[in-house]
Amino acid sequence: MTMPHPVSAGTPVPRFDLAVCAEMIWRDRPMEWRVKRLAERGFAVGLWNFPDHDLAALERSGARFSIMNGYLHGRLADADGAAELLASARKTAAVGKRLGVARLNLHGTGLGDGGLPVVPCQAATGAMWLKAADTLRRIADLADELGVVFTLENLNTQVDHPGVPFARAEETIALVSHVDRPGLRLNLDLYHAQIGEGNLIALCRTALPFIGEIQVADVPGRMEPGTGEIAYPAIANALVAMDYRGPVGMEAFASGDPEIALDRFESAFTV
């Protein structure tokens, strides 16, 4: 096994709480091994859907869990979907509290195989916007009741998630800022935003008051920082200048050796 990297005097220390999505790295290794290795390297861990994993083994790993999907079923913008979402979020929050997960992630609608929406939608109507805001207020009430934090993630519809409503960062920012409750924050995914919107530093500045976590991968290919077109060291410096010191999670595939991918991620956000 590769041993953790030693830290010597004068070694730069990341200015953010760095996390890595365990679902997307070392995909030939068991999840328990991935989680332990990330913990050894000092990263918090991101997960997707909890039924896919041995919860007892995750508890024993000693890892810190930054984020996981905060629901299994449901939708924001219709009555039946909202009821399903709230019931699913309540059950998932109980698992999140068991693991000590810091944030429980939501999307504009439930995702199925390949990240495709269970109920696709090409354009949200005014009635859907009103219902989505109401559902998220109820999610914020649930967060207050249970003592947890939910996040709403922006996606992209051009490459990975066609047919997802409320996918653009400008839309998730509008919803979260409208609800304006501490139990509902943004999961600002800069990979998705680069594909859908660009202008990432300005986007971070607009979203700043509502950010719960920032997620990163490079474009094209959804691999680690330094493999594509996004200048992540410049973004890291801009975030420091904005006084953001919160979590930054790599939700990316490794372009080659996963250890090198982790080094590149860490280097990009060590400023």
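Numbers for residues simply follow the sequence, beginning at 1.
Each of L142, N105, N187, V176 was evaluated against F150; a single residue qualifies, L142, per the side-chain contact (heavy atoms from CB on, under 4.5 Å) test.
Listed by first then second residue, pairs satisfying salt bridge (Lys or Arg N to Asp or Glu O under 4.0 Å) with a partner in residues 154-163 number zero, not counting sequence neighbours. Pairs passing the salt bridge (Lys or Arg N to Asp or Glu O under 4.0 Å) check and including a residue from residues 233-250, sequence neighbours excluded, read D243-R245. Residues in residues 107-148 take part in these ring-ring contact (aromatic ring centres under 6.0 Å, His included) pairs, two or more places apart or across chains: Y71-H107, W129-F166. Listed by first then second residue, pairs satisfying salt bridge (Lys or Arg N to Asp or Glu O under 4.0 Å) with a partner in residues 205-219 read R103-E213, not counting sequence neighbours.
A search for salt bridge (charged side-chain N to carboxylate O under 4.0 Å, His left out) contacts involving E251 returns R222, not counting sequence neighbours. Applying the salt bridge (charged side-chain N to carboxylate O under 4.0 Å, His left out) rule to R181 yields the partners D141, D144; only residues at least two apart in sequence or on another chain are considered. Remark: K131 pairs with D134 by the salt bridge (charged side-chain N to carboxylate O under 4.0 Å, His left out) rule, at least two apart or across chains. Judged as a side-chain hydrogen bond (donor to acceptor under 3.5 Å, both in side chains), and not counting sequence neighbours, N199 has no contacts. Among residues two or more places apart in sequence or in another chain, the side-chain hydrogen bond (donor to acceptor under 3.5 Å, both in side chains) test is passed with E197 by none. Scanning for side-chain hydrogen bond (donor to acceptor under 3.5 Å, both in side chains) contacts around R138 gives an empty result, with sequence neighbours left out. Residues satisfying the side-chain hydrogen bond (donor to acceptor under 3.5 Å, both in side chains) test with H161, not counting sequence neighbours, are none.
The shortest non-hydrogen separation linking M242 to L208 is O-CD2, 3.6 Å.
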List, one per line, each side-chain donor-acceptor pair under 3.5 Å for residues 19-27, sequence neighbours excluded.
| residue | atom | partner | partner atom | Å |
| --- | --- | --- | --- | --- |
| E23 | OE2 | W48 | N | 2.8 |
| E23 | OE2 | H53 | NE2 | 2.8 |

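For the pair E224 and L262, the minimum side-chain heavy-atom distance is 4.5 Å or more.
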Let me see the working for S61 and E32 under side chain to side chain donor-acceptor pair (under 3.5 Å), right down to the final yes or no. CA-CA 7 Å; S61 70; E32 292 77 11; over 6 Å; no
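Aromatic ring pairs are classed by plane angle as parallel below 30°, tilted from 30° to 60° and perpendicular above 60°; the pair F269 and Y232 is tilted.
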